[in-house]
Amino acid sequence: MSDLSGARILVTGGAGFIGSHLVDALLDGGAESVAVVDTFFLGREENLAAARDRHGDALTVYRDDAGDLGAMTAVCRAERPDVAFNLATKALLYSFFNPVGAFQVNVAIAAALAELLRHKALAKLVHMSSSEVYGTAQQISMGEDHPLLAETSYAAGKAAGDLLLTSYVNMYDLDVVTVRPFNNYGPRQNDGAFAAIVPLTIKRLLEGEAPVIEGDGRQTRDFVYVHDTVAATLALATNDAARGRTLNVGSGREVAIREVVETLCEIAGYSGEIVEAPARPADVRRHRADVTQAEALLGPIARTALREGLERTYSWHRAVLAA
Ligand SMILES: NC(=O)c1ccc[n+]([C@@H]2O[C@H](COP(=O)([O-])OP(=O)(O)OC[C@H]3O[C@@H](n4cnc5c(N)ncnc54)[C@H](O)[C@@H]3O)[C@@H](O)[C@H]2O)c1
């Protein structure tokens, strides 16, 4: 498959942060239809408003559980998708609220999709894994062969889901591409319960509160702007050389959390205190992607500089707050 224009697409978790940008890109790129399956655990109708305005009936939303094989079978029967993108999950920080639930949701969704592939209700799956499956870096940079050393039950569930899908590929010769993004940031990222550092810091700054860093702030992540992740995911979905493979998607740069928070403070014109809170248990210490394999297929992934991406993200949150 070289192009998704004219294709019928299913996106699990499509009302969420990355998923909704993927839905926009698919429809803007000429997909015939996009069906979103989302429980709206953290997904939001507003995230799909632009797609609905621009593409109307080409977008269908099913408020359903992507881990429910019966529901997913019915959706596939109605939608006849050419390709499914799996982005549904509960947030990493949900692990601390309901550890077994955070694990099980990721496994159940992977299992349902694996069965749909096996029964030919789906022909192709692009599965979104997470760099969290690697845990703290054992070596820098981190290639796709880095051991799976999940620190949280969310990450353990993502890793288990990846392994399950790989086993189905081996047993049934299925068409699956696993994309393993590092830390995404950008407009529409959840800034409420279970929020990640970028939206959480922006929200605090916009509400006149001091930003908070958990731990010493020297823990690092590989940040990648959401549009760059979406572009890479779509390019891998349509590249036959990616079939059956797992590919990292990141910037290849390691940035300390303190640097990100300080950059956001600069963007916001904030020069007050940064509160230091105790380190979070099971917080990954270092992350930097080795993106050699994906970039050999796609060219450069991270086209958006961190400062530029953070400025765009800050402006987006400010506009939402003002609306
Ligand atoms: N945000 C990141 O930094 C990041 C990094 C690496 C990988 N990922 C992966 O990317 C994907 C999307 O993440 P995101 O940041 O957009 O998260 P998100 O929470 O914004 O989106 C996930 C969506 O899945 C929905 N959902 C939850 N359980 C569901 C279920 N059982 N059935 C259907 N929908 C369900 C949620 O309502 C939400 O809309 C996830 O698979 C995540 O593991 C994200």
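Order of appearance sets the numbers: ligands from 1, and atoms from 1 within every ligand.
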Give yes or no for whether the N/O distance cutoff of 3.5 Å, strictly under, is met between [X] and ligand 1.
X: Phe41; answer: yes
X: Lys90; answer: no
X: Tyr154; answer: yes
X: Pro181; answer: no
X: Val105; answer: no
X: Ile109; answer: no
X: Asn183; answer: no
X: Phe17; answer: yes

Closest non-hydrogen protein atom to [atom], residue and atom name please, with distance?
atom: atom 12 (C) of ligand 1; result: Leu87 O, 3.4 Å
atom: atom 23 (C) of ligand 1; result: Gly13 CA, 3.6 Å
atom: atom 25 (C) of ligand 1; result: Asp38 OD1, 3.3 Å
atom: atom 10 (O) of ligand 1; result: Met128 SD, 3.3 Å
atom: atom 44 (C) of ligand 1; result: Ile18 CD1, 3.6 Å
atom: atom 41 (O) of ligand 1; result: Lys158 NZ, 2.7 Å
atom: atom 17 (O) of ligand 1; result: Thr89 CG2, 4.5 Å
atom: atom 32 (N) of ligand 1; result: Ala66 N, 2.8 Å

- Item | Proximal ligand 1 atoms for Ser130, defined as those under 4.0 Å from one of its heavy atoms | 6 (C), 7 (C)
- Relative to the heavy atoms of Asp65, which atoms of ligand 1 are at a distance of less than 4.0 Å? 30 (C), 31 (N), 32 (N)
- Quick one: which of Ala196, Ser131, Ser129, Gly186 has a heavy atom closest to atom 7 (C) of ligand 1? Ser129
- Item | Option set Asn106, Leu42, Thr39, criterion heavy-atom distance to atom 30 (C) of ligand 1, minimum | Thr39
- Query: Does Glu151 reach the side chain of Asp283, with side-chain heavy atoms less than 4.5 Å apart?
  - Reply: no
Does [X] reach ligand 1, in the sense of a heavy atom lying below 4.0 Å from it?
X: Phe182; value: yes
X: Asn190; value: no
X: Ala91; value: no
X: Thr229; value: no

- Message: I'd like to know if Arg54 and Asp28 make a salt bridge, using a cut-off of under 4.0 Å between side-chain N and carboxylate O.
- Response: yes
- Message: Centre-to-centre under 6.0 Å for Phe96 and Phe194, is that the case here?
- Response: no
